[in-house]
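See structure below.
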Amino acid sequence: MSPKFKIPLADLRAQYLSIQTELDEAWNKTNVSSGYILGAEVEAFEKEFAQFCGASFCVGVANGTDALELALSACGVKKGDEVITVAHTFIATAEAISNLGAIPIFVDINPDTLLLDPARLTSVLTTKTRAIVPVHLYGQPVDMDPVLTFARQHGLKVVEDAAQAHGARYKGRRVGSLSDATIFSFFPGKNLGAYGDAGAVVTNDASIAAWVRKARNHGRANKYEHEFCGRNSRMDGLQGAILNAKLKHLEDWNLLRQEHAARYDSMLQGIPGLVRVAVSPDCKPVWHLYVVRLKNRDDVLKGLKDQDIEAGIHYPIPLHLQKAFAYLGRKKGDLPHTERAAAEVLSLPLYPEMTTKNQNVVVRVLKSLINNAH
Ligand SMILES: *Cc1c(COP(=O)(O)O)cnc(C)c1O
């Protein structure tokens, strides 16, 4: 299926066509070996991806949400525990916490980077706090050093949600080896995407890796022995094969995203009413999304759509105001920076295969829409 818009937000078809032979070979090879669940292709990917992240272990699972639930569980998070995270993220972050019977405790974001603000951790610490889940949203890592220091001081576990940040660097290191565990999603549209659902837990901790490895496969120790009740959250062999073929190109794709982001940065400088998301000098983001903030966001979104340009909102309703989390009793006004971001953010088209010509079109239309509003 071709993208619905002349300029789409992302273009998976273009990516497939750019390395079609490799992907078809990977797919066919798995069919010939019939390694459909886990197996050699998944093992090979686990090894390569751990190495890519600079970590010791990678355990492939069925999706990113499961990865987070399993990683938190492996860290000892259980019913009644409090887990600190942000409300400016995809629902899966808090859903995984909630599904363990633990309580998501939302802290407000840094108004410039739109990421977890480590300075606010103290304000929500209680005797029930067990873990922190920093979210590397849009592909930019959270300022991890103060988070890790705080966690060490208070005996907390840290599990990073890097579902949007494959390959992103914090102080020169790739995310995946900074904390107790890091989770990734390989949802098709992510920087590294499978052809269906897939996810992974990456860690330097052998006991976390070993526990997740059993838990994803019915608590299995060997073919017939089950040490505990786990679940079925295994990665498909076909997905392992596709991911392994795509991983070889991830660095190049991320470089292209960085180039496109730099072009947007320079072209969108000094436009009244348009605010770019700040990037910390400690970080090298991988630009899963290129996000700007606008007061008249909804009008601009519609204006772009009318000119056949797809844009997105990530995310329009902060999690503390979602019906799913009404049970937490949070209300409008609790997280002012988060709520303002939700009202103003707009994701512009950005993907490795995007042409300069199309990028120029997006900027021209965007500028005219902003000018018309003034
Ligand atoms: C995509 C995503 C997830 C969930 O991953 P799935 O593979 O879709 O389960 C979790 N957190 C964030 C920030 C995401 O973007």
Side-chain angles (χ1 to χ4, degrees), residues 9-10 12 42 45 49 58-73 83-100 102 104 106-107 109 113-116 131-142 144 158-168 175-176 179 181-202 212 216 231-236 238-240 242-243 246 257 277 285-291 312-320 322 324-325 338 341-342 345 347 350-351:
L9 194 56
L12 298 182
V42 171
F45 173 68
F49 194 64
C58 168
V59 184
V61 298
N63 57 69
T65 313
D66 277 8
L68 186 52
E69 216 177 303
L70 289 165
L72 286 168
S73 223
V83 178
I84 304 170
T85 191
V86 289
H88 186 58
T89 177
F90 181 57
I91 189 161
T93 308
E95 193 182 26
I97 297 166
S98 190
N99 285 343
L100 289 169
F106 298 120
V107 277
I109 50 174
T113 62
L114 308 187
L115 302 173
L116 183 139
I132 306 168
V133 178
V135 183
H136 306 319
L137 201 71
Y138 308 149
Q140 173 169 212
V142 168
M144 286 302 291
V158 177
V159 177
E160 295 160 76
D161 180 340
Q164 302 187 1
H166 319 70
V175 297
S179 64
T182 304
I183 72 93
F184 292 88
S185 163
F186 306 116
F187 178 82
K190 301 287 160 90
N191 287 34
L192 178 61
Y195 285 164
D197 277 311
V201 177
V202 170
V212 174
R216 72 169 172 186
R231 68 171 74 184
N232 179 351
S233 183
R234 300 172 296 217
M235 185 189 277
D236 295 342
L238 288 164
Q239 305 307 349
I242 290 293
L243 289 169
K246 284 195 178 188
R257 285 177 185 271
V277 174
V286 289
W287 302 99
H288 174 60
L289 293 165
Y290 188 91
V291 173
I313 303 176
H314 303 89
Y315 297 86
I317 305 173
L319 298 189
H320 68 298
Q322 287 282 2
F325 294 110
T338 298
V345 289
S347 311
L350 184 144
Y351 48 93

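Side-chain atoms are counted along with the backbone in the values below, which use heavy atoms only and exclude waters and symmetry mates. Keep in mind that what you see is a predicted model, and the values were worked out from it rather than measured. Counting starts at 1 for both ligands and their atoms, following the listed order.
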Beyond-backbone contact of [X] with [Y], side-chain heavy atoms, under 4.5 angstrom:
{"X": "Pro104", "Y": "Leu319", "value": "no"}
{"X": "His314", "Y": "Val345", "value": "no"}
{"X": "Arg234", "Y": "Val42", "value": "no"}
{"X": "Leu115", "Y": "Val86", "value": "no"}
{"X": "Trp287", "Y": "Leu350", "value": "yes"}
{"X": "Met235", "Y": "Phe186", "value": "yes"}

Criterion side chain to side chain donor-acceptor pair (under 3.5 Å) against His136, the qualifying member of His288, Gln164, Glu160: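 Result for side chain to side chain donor-acceptor pair (under 3.5 Å) with His136: Glu160.
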
Which of the atoms of ligand 1 are close to [X], meaning less than 4.0 Å from one of its heavy atoms?
{"X": "Ala163", "answer": "2 (C), 3 (C), 10 (C), 11 (N), 12 (C), 14 (C), 15 (O)"}
{"X": "Gly64", "answer": "5 (O), 6 (P), 7 (O), 9 (O)"}
{"X": "Thr89", "answer": "13 (C)"}
{"X": "Thr93", "answer": "11 (N)"}
{"X": "Ala92", "answer": "3 (C), 4 (C), 10 (C)"}

Nearest to [atom], what protein heavy atom do you find, and at what distance?
{"atom": "atom 2 (C) of ligand 1", "result": "Lys190 NZ, 2.7 Å"}
{"atom": "atom 15 (O) of ligand 1", "result": "Gln164 NE2, 2.8 Å"}
{"atom": "atom 11 (N) of ligand 1", "result": "Asp161 OD2, 2.8 Å"}
{"atom": "atom 8 (O) of ligand 1", "result": "Ser185 OG, 3.9 Å"}
{"atom": "atom 9 (O) of ligand 1", "result": "Thr65 OG1, 2.4 Å"}

Using heavy atoms and a 4.0 Å limit, tell me yes or no: is His136 in contact with ligand 1?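 Checking ligand 1 against His136, which is what was asked, there is no heavy-atom contact under 4.0 Å.
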
Is there at least one pair of N or O atoms, one from Leu137 and one from ligand 1, spaced under 3.5 Å apart? no

Mind checking whether Asp197 has an N or O less than 3.5 Å away from an N or O of ligand 1?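 Not met; the criterion fails.
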
Does the plane of the ring in Phe106 sit parallel, tilted or perpendicular to the ring in Phe325? Use 30° and 60° as the thresholds.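 Ring orientation of Phe106 relative to Phe325: perpendicular.
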
Should the pair His166 and Phe184 be assigned to parallel (<30°), tilted (30 to 60°) or perpendicular (>60°) ring geometry? tilted

